[in-house]
Amino acid sequence: MKRALVGLTGPVCYDYKNHLNIPSGAFPNPVLENVTGLVLSYDEIWFICRELCPSDLQNAHFVKFIEDEPILMERALVALEQFTNMAHGIPKGEMIRRDGIANRGMHRAIERITRAVPFEFTPDHHSQQLSTFRLSGHAFNASGLRFENVVADIGIAAALDFNIDVIFNSYASGAAGLIQGDPQAGNRLVLAEQITGIHTLDHLSPQGAFHESLNDLRSHERIAEFRNLLAETDVEGKDLKALAAEVVAQADRHARDVLDRFIKGKGKLRTYGVPTAAAFLNQVIPGAGAAFGGLFSAKDWLDDRKVKKRVSWAPFVLDARNPRE
């Protein structure tokens, strides 16, 4: 089970023109940077509270809320207090430096989104207090500019006591110095989006950027292999567009190889696999299986299996980029 946590520093900004309608009241709609990567990379996406979840993901079956789980909520509140206090122990000069890194990154990220969206958009990094999180009368805000929130998100994830990746927005991640458990989690979300060709900005609306085609891809029979590909790919310091292009090219090569085998008459035989077909023939005509197995060498069979395992994610990539009608 792969889980992601979207905490105080998950949303890149909040849209004050378009609002959530949630039990705690009207709230500016959170904007996530890589919805495609997030939705395809994880079985469950946990939000600390509904105020941090885009409108179009509020009722998704794979979305969970810590605020709905009393035990997890208690752990989160304790961690929030402890780790926020811990952050206050960081030298003031270092806090100012990290906040400055975040501030520069925030303006770049928001400007990129503002230029891309075709609707009226009023973004802010969000200094409004969360109604869900209060300790001793003190309320917390969800600004990704506050380094103490980065530290708090890491603490909350640890307190949940199950394996979960913290999803920072791009500028909070930079300010944190990539101190989360998997420092490349954010880059892998970008890579997933680049590979599938389903770009968040292309589908961002006043409600969010969840595209209906993602539901079909989440149930794809090769989604697990695709997630393994993302997890095993070294993305540190890489050009993610170039890396994605190579993955897509490899999927295309795999498709051509399969077609070439079929044209050459090996397609149906390889579908069964030599050992399986030989066993079947032995039951029908004793001894025939051994003769049939000799048509392909053991090396051919092993190589074929290795190829299948190595590119088992390819059908997912092909279907993502070429959706069926």
Side-chain angles (χ1 to χ4, degrees), residues 2 4-22 27-65 105-126 142 144 165-173 185-220 223 226-227 230 240-241 244 316 319-321 323:
K2 292 181 67 63
L5 173 68
V6 180
L8 302 173
T9 58
V12 64
C13 63
Y14 296 78
D15 182 3
Y16 278 74
K17 183 65 177 177
N18 301 286
H19 289 77
L20 295 172
N21 289 311
I22 52 179
F27 205 78
N29 196 40
V31 179
L32 300 179
E33 288 173 287
N34 294 302
V35 173
T36 296
L38 183 62
V39 169
L40 295 181
S41 298
Y42 294 96
D43 298 295
E44 293 180 351
I45 302 170
W46 285 80
F47 290 84
I48 291 178
C49 57
R50 284 175 174 78
E51 293 157 316
L52 302 177
C53 178
S55 179
D56 60 1
L57 285 175
Q58 289 276 333
N59 298 313
H61 69 277
F62 51 84
V63 167
K64 312 290 182 182
F65 298 98
M106 178 201 69
H107 287 295
R108 288 193 298 269
I110 291 180
E111 183 181 0
R112 180 172 61 92
I113 296 171
T114 303
R115 288 199 308 264
V117 297
F119 58 90
E120 193 171 353
F121 183 63
T122 308
D124 190 22
H125 66 83
H126 193 51
D165 291 337
V166 182
I167 304 302
F168 295 131
N169 64 48
S170 56
Y171 58 86
S173 182
N187 283 343
R188 289 193 174 92
L189 300 191
V190 176
L191 181 61
E193 184 166 297
Q194 294 289 342
I195 291 173
T196 59
I198 305 172
H199 301 287
T200 294
L201 284 183
D202 291 343
H203 300 287
L204 186 59
S205 73
Q207 289 73 45
F210 179 64
H211 189 259
E212 59 184 10
S213 65
L214 296 179
N215 271 327
D216 293 333
L217 288 175
R218 278 184 59 86
S219 60
H220 195 284
I223 184 71
F226 177 68
R227 289 172 180 167
L230 295 175
L240 298 180
K241 285 188 177 180
F316 176 91
D319 284 342
R321 298 185 69 87

Undergrad: Could you grab the distance from atom SG of C13 to atom CD of E33, nearest 0.5 Å is fine?
TA: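 Between C13 SG and E33 CD, I get 8.5 Å after rounding to 0.5 Å.
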
Undergrad: Partners of E111 by side chain to side chain contact (heavy atoms under 4.5 Å, CB included), sequence neighbours excluded?
TA: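 Side chain to side chain contact (heavy atoms under 4.5 Å, CB included) check on E111 returns R115.
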
Undergrad: Is the closest side-chain heavy-atom distance between I45 and L57 below 4.5 Å?
TA: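 A side-chain contact under 4.5 Å is absent here.
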
Undergrad: Taking only residues two or more places apart in sequence or in another chain, which ones pass side chain to side chain contact (heavy atoms under 4.5 Å, CB included) with S205?
TA: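 Result, side chain to side chain contact (heavy atoms under 4.5 Å, CB included) vs S205: Q207.
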
Undergrad: Donor-acceptor pair, distance only, cut-off 3.5 Å: does the side chain of R218 make one with the backbone of V39?
TA: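 Flag set: sc R218 to bb V39 pair under 3.5 Å.
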
Undergrad: Under the 3.5 angstrom rule, does the side chain of S41 hit a backbone N or O of L38 as a donor-acceptor pair?
TA: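 No: the side chain of S41 does not pair with the backbone of L38.
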
Undergrad: What is the minimum heavy-atom distance between P11 and L32, and which atoms define it?
TA: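 In terms of heavy atoms, the two residues are closest at CA-CD2, 3.8 Å.
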
Undergrad: Does H211 have any side chain to side chain donor-acceptor pair (under 3.5 Å) partners at least two apart in sequence or in another chain, and if so, which?
TA: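 With sequence neighbours excluded, H211 shows a side chain to side chain donor-acceptor pair (under 3.5 Å) to S213, given in chain and number order.
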
Undergrad: Under the 3.5 angstrom rule, does the side chain of N169 hit a backbone N or O of T9 as a donor-acceptor pair?
TA: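 A pair under 3.5 Å: yes.
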
Undergrad: Can you list everything that forms a side chain to side chain contact (heavy atoms under 4.5 Å, CB included) with T196? Sequence neighbours excluded, please.
TA: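 Only T36, L40, I198, F226, F316, A320 meet the side chain to side chain contact (heavy atoms under 4.5 Å, CB included) criterion with T196.
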
Undergrad: Partners of D43 by salt bridge (Lys or Arg N to Asp or Glu O under 4.0 Å), sequence neighbours excluded?
TA: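 If we apply the salt bridge (Lys or Arg N to Asp or Glu O under 4.0 Å) test to D43, skipping adjacent residues, the hits are R227.
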
Undergrad: Check side chain to side chain contact (heavy atoms under 4.5 Å, CB included) between A116 and all other residues, then give those that pass, not counting sequence neighbours.
TA: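 Only L201 meet the side chain to side chain contact (heavy atoms under 4.5 Å, CB included) criterion with A116.
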
Undergrad: First locate atom OG of S55, then atom CD1 of I22, and finally report the distance between them rounded to the nearest 0.5 Å.
TA: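 Between atom OG of S55 and atom CD1 of I22 there are 9.5 Å.
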
Undergrad: Using a 3.5 Å distance criterion without hydrogens, assess whether the side chain of N18 forms a donor-acceptor pair with backbone atoms of N29.
TA: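 No; judged by distance alone, with no hydrogens or angles, the pair does not exist.
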
